[in-house]
2 protein chains.
Amino acid sequence: MDIAVVRRFRRSLRRLERLLEAILRDETCCHGVSVAQCHALMGMDELERPSLGGLAVHMGLDKSTLSRTVDGLVKAGLVLREQGGVDRRKTLLLLTENGKALCQRIHTDNDALFVKVLEGVEVASDQVISVFEGLVESLSRQGRSAAQGSKGCGAGAGKMGPGAIAGDSHD
Amino acid sequence: MDIAVVRRFRRSLRRLERLLEAILRDETCCHGVSVAQCHALMGMDELERPSLGGLAVHMGLDKSTLSRTVDGLVKAGLVLREQGGVDRRKTLLLLTENGKALCQRIHTDNDALFVKVLEGVEVASDQVISVFEGLVESLSRQGRSAAQGSKGCGAGAGKMGPGAIAGDSHD
DNA sequence: ATGCAACAGTTGCAAACACCAACTGATGGG
DNA sequence: CCCATCAGTTGGTGTTTGCAACTGTTGCAT
């Protein structure tokens, strides 16, 4: 494979990283909640009454990190911790009415933004998305052996080859 | 445009964000320098003896942030601050021999990783890259027009740094 | 030349986010 | 009954970031 092509790709990826970073940093961004909180909200929206640990795995975060993030959401009245199930260790997370409403608003806004983004690409949107999904999928596979090796980072699987790939990616 | 398609895209984007976050966090990642430092190194490799401010704009970072990041690189003997040009306010940044060598290593490793990633996608690599570049480009445009007014987006001049963008995207 | 606005960079300060380690309480096998 | 294990919380720490304030430089206009 042509190295120049790879370099182009990596450069674009760096650019995307910075763009996302900048976009995320905007305060109007999440209608009052922080970025991490917003992500957690989206995660809860995707899963069905997840446990804290389950959501942490889903999001690739440490449970302690998520625990604190959820604290904020609970304080803001957007999320409830539901205890007292069969297993009293578990807390299930669920959105309050306000939480659901906020999710809706966030979705609406972001859908609008990304419709524009997708329309701004010359290629047909479904194609763009297919390629993008394929890319993320592949990165996920490759990245697993590269990054996940170092420590038990959430999802048990891990297996970890001895740091073989040392992939920075953040280059 | 079909909303379901947009949602799929957004979900993939969230996933990518988490993946990058996780990969970047790997300590073997940057051969001893931090992620931000590594990015700065790459930026200096792309530009020709940039000033601190110039690199900050290029990277979409506040000059203060970059100043501190560069501090670390200078301490590590990877970068030199070159003063005393025509304009004595400016400091030009340049890589030392060690810095250049590190850049090389980082490039080599990452090229290897992303060759694998690209090979793992079913579509031809040049196509993947074209689509990806188009996407990043479009996001950059949309992001820019979206807000621009909200805050001083770092490097004053505005001119087009990937600075302030109002949309969430971090959803 | 002098005075002043704009610029380049540094430093002080605070916030967000992440991880690991240590801890508490609940579960369940031996 | 005891102890390893699991779920979640809390304490501590590090990185990364931005804004505000400050120093020194430059250049323009008076």
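Excluded from the calculations below are hydrogen atoms, water molecules and symmetry mates; all remaining heavy atoms, backbone and side chain alike, are included. In what follows, every chain begins at residue 1, and chains take the letters A, B, ... in the order their sequences are listed.
In this structure, Leu93(A) places its CG atom 14 Å from P of dA7(D), rounding to the nearest Å. Spacing between atom CG of Leu19(A) and atom C1' of dT17(D) amounts to 16 Å, rounded to whole angstrom units. Distance CG (Leu61(A)) to P (dG8(D)): 14 Å, rounded to an integer number of Å. As a whole-Å value, the separation of Arg18(A) CZ from dT17(D) P is 11 Å.
Comparing Gln37(A) and Arg88(A) by the nucleotide of DNA chain C that holds the closest heavy atom to each, the one mapping nearer the 5' end is Gln37(A).
A side-chain donor-acceptor contact under 3.5 Å links Asp62(A) and Ser64(A).
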Handout entry: B/S/- contact track for nucleotides 8-16 of chain C, protein heavy atom under 4.0 Å
Key = SBBBBB---
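Residue pairs that meet the side chain to side chain donor-acceptor pair (under 3.5 Å) test with at least one member in residues 75-84 of chain B, sequence neighbours left out, are Arg49(B)-Glu82(B), Asp71(B)-Arg81(B).
The number of heavy-atom neighbours closer than 6.0 Å to CD of Glu46(B), taken from other residues, nucleotides and ligands shown, is above 12.
Take Asp87(B) and apply the side chain to side chain donor-acceptor pair (under 3.5 Å) test, not counting sequence neighbours, and it matches Arg89(B).
Across all strands, Val70(A) comes closer than 4.0 Å to no nucleic acid atom at all (heavy-atom distances).
Between Glu119(A) and Lys116(A) there is no salt bridge, since no side-chain N of the basic residue sits under 4.0 Å from a carboxylate O of the acidic one.
Side chain of Ser138(A) to backbone of Leu118(B): no donor-acceptor contact under 3.5 angstrom is found.
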